[in-house]
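Fair warning: this is a prediction, and the values are worked out from it, not measured in the lab. Atoms considered below: every heavy atom in the structure, side chains included; atoms not considered: hydrogens, waters and symmetry mates.
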Amino acid sequence: MSSTSLHIVIAGAGPAAQALVRRLAGRTDNRQQSFAGTITVLSNRDDCPDALLELAELPQVSVRFGQAASFIDAEAKVVTTVDGMDFSYDQLVIATGSAPALPPVEGADAVLSYSTIDDAASIGEAVKDVTRSVGRRPLGILVGNGPAAGQAEAVLRARGVRPVRTTLRPTAVVAADPAGSGQAQAAAGIVFEDGSSMKGDLVVLAEERTARNDLAESAGLQIAFDGGIAVGRDLATSVPGIWAIGDAASCDGLRLGLLLSAESSAMLCASGMLLGMAGSAIPTAMAA
């Protein structure tokens, strides 16, 4: 079998999937082995974000927009999409992410959210804007419980925010004063189910999320107690040739998105796959 006939399929097109494609294609700063075959990304999005379009321009990469993976035949090594298209694979990566465990909060698009460790950077930038606007140490309202909220609190404190944490279920977000920072993500208050409300300089939602594991279950993959796809520290699943990265996966009892950044997750997964393929005498090429 020639190297150009070897095929990796990635189910999902979020940050972790994008980071993995860049690393497999040798488009990172680190000199490492890059995959010499072809890569297909199955995206559930009909639109074409710039980041995905850039990846689709790579000669060995094909991005299928609006073609979410819906079933895996692990024995035949075939992935079927929602439209009935079949894609054979030599290695498969599940990067389907997670979804909110509760219904969305009204106005939630106007607040900061903390779902994975990658959100720390965007929160840090927003805190800088709010701090400049209010001219003092900002007061933050943090809503949520569990590991994600604990990480979010640490992020806020490290960036000089005074966080007030609550586990009350919110119903609506109060928009920031137009005379304030002007930042869309600087909502300043929140209303809760019991009718009470809180005001601050910014609001962060860090509510619990559940892994999208339907695809993994179709292949008979082991599911962790928290609902994520169980992976080892090399991000391999319980079925050989199938890997899981990003917020869909669970390692050591915690969502992978809370343990590793998208880049770190991609690096581990790419290294494991390339090492395994090299051990099977599958050709690889050195990144230029």
Ser196 backbone acceptor or donor facing Asp194 side chain under 3.5 Å: yes
Between atom CD of Gln18 and atom CZ of Arg22, what is the distance when rounded to the nearest 0.5 Å? 6.0 Å
Do Met273 and Leu20 pass the side-chain contact (heavy atoms from CB on, under 4.5 Å) test, and can you show the C-alpha distance, the side-chain angles, and the key distance before you say yes or no? CA-CA 11 Å; Met273 280 196 295; Leu20 178 59; 4.3 Å; yes
Supply the atom-to-atom distance Leu156 CG to Leu142 CG, rounded to the nearest 0.5 angstrom. 6.0 Å
Expected output: side-chain Ser264 to main-chain Leu260 donor-acceptor under 3.5 Å: no
Kindly say whether Leu258 contributes a backbone atom to a donor-acceptor pair with the side chain of Gln151 at under 3.5 angstrom? yes
One pair to check against side-chain contact (heavy atoms from CB on, under 4.5 Å): Val161 and Arg137. What are the steps and the verdict? CA-CA 6 Å; Val161 176; Arg137 184 183 181 190; 6.0 Å; no
Quick one: does Val155's side chain get under 4.5 Å of Tyr114's, heavy atoms only? yes
Ile190 side, atom CD1; Glu106 side, atom CD - distance, nearest 0.5 Å: 11.0 Å
Under 3.5 Å donor-acceptor, Asp129 side chain and Ala126 backbone: no
Could you please spell out the steps behind the side-chain hydrogen bond (donor to acceptor under 3.5 Å, both in side chains) verdict for Thr80 and Asp86? CA-CA 4 Å; Thr80 302; Asp86 290 336; 2.7 Å; yes
Measure the spacing between CG of Leu139 and CG of Leu202 and express it to the nearest 0.5 Å. 8.0 Å
Atom CD of Glu217 with >12 non-hydrogen neighbours under 6.0 angstrom: yes
Side chain to side chain, Glu207 and Pro170, heavy atoms closer than 4.5 Å: yes
So do Arg233 and Asp252 actually touch side chain to side chain, heavy atoms under 4.5 Å? yes
Between Arg157 and Arg162, does a side-chain contact (heavy atoms from CB on, under 4.5 Å) hold up when you go through it step by step? CA-CA 6 Å; Arg157 290 189 184 280; Arg162 293 178 295 146; over 6 Å; no
Of Val204, Val105, Val203, which meets side-chain contact (heavy atoms from CB on, under 4.5 Å) against Val111? Val203
Are Val9 and Leu24 connected in a single hydrophobic cluster, I mean Ile/Leu/Val/Met/Phe/Trp/Tyr linked by side-chain heavy atoms less than 4.5 Å apart? no
Check Asp201 with Arg136, please: is the shortest side-chain N to carboxylate O separation under 4.0 Å? yes
Residue pair Ala211 / Gly228: nearest heavy atoms and the distance that separates them: CB-CA, 3.6 Å
Could you check whether any side-chain heavy atom of Ser250 comes within less than 4.5 Å of a side-chain heavy atom of Leu256, counting everything from C-beta outward? no
With a 3.5 Å distance limit and no angle check, can you tell me whether Thr81 reaches the backbone of Met85 through a side-chain donor-acceptor pair? yes
Check: Arg169 and Pro103 side chains under 4.5 Å, non-hydrogen atoms: yes
Would you check if Leu52 and Ser43 make a side-chain contact, meaning some heavy-atom pair closer than 4.5 Å? yes
From SG (Cys251) to CD1 (Ile245), nearest 0.5 Å: 13.5 Å
Do Leu168 and Val143 make a side-chain contact, defined as non-hydrogen atoms from C-beta onward lying under 4.5 Å apart? no
Test your reading of the model: is there a side-chain donor-acceptor pair from Thr171 to the backbone of Val191, 3.5 Å cut-off? yes
Are any side-chain N or O atoms of Arg255 and backbone N or O atoms of Asp247, one a donor and one an acceptor, separated by less than 3.5 Å? no
Donor-acceptor pair, Ser271 side chain versus Leu268 backbone, under 3.5 Å? no
When you group the ILVMFWY residues by side-chain heavy-atom contacts below 4.5 Å and let the links chain together, are Val41 and Phe71 in the same group? no
Same hydrophobic cluster for Leu235 and Ile10, using side-chain heavy-atom links shorter than 4.5 Å among ILVMFWY? yes
Nearest heavy atoms of Ala99 and Arg212, plus distance in Å: CB-NH2, 3.7 Å
Test your reading of the model: is there a side-chain donor-acceptor pair from Ser218 to the backbone of Ile72, 3.5 Å cut-off? yes
Could you walk me through whether Met198 and Val164 pass the side-chain contact (heavy atoms from CB on, under 4.5 Å) test, one step at a time? CA-CA 9 Å; Met198 297 178 71; Val164 177; 3.3 Å; yes
Would you give the length of the straight line joining atom CD of Glu263 to atom CG of Asp118, rounded to the nearest 0.5 angstrom? 8.0 Å
When you measure from the side chain of Asn213 to the backbone N and O of Gly227, does any donor-acceptor pair fall under 3.5 Å? yes
Dump the intermediate steps for side-chain hydrogen bond (donor to acceptor under 3.5 Å, both in side chains) on Ser98 and Arg209, then the final yes or no. CA-CA 6 Å; Ser98 63; Arg209 298 177 67 87; 2.8 Å; yes
Verify side-chain hydrogen bond (donor to acceptor under 3.5 Å, both in side chains) between Thr40 and His7, making sure each step is shown before the conclusion. CA-CA 8 Å; Thr40 296; His7 191 203; 2.6 Å; yes
Given the rule that I, L, V, M, F, W and Y join up when any side-chain heavy atoms are under 4.5 Å apart, are Leu92 and Leu221 in one cluster? yes
Same apolar cluster: Val93 and Tyr89, side chain cutoff 4.5 Å: no
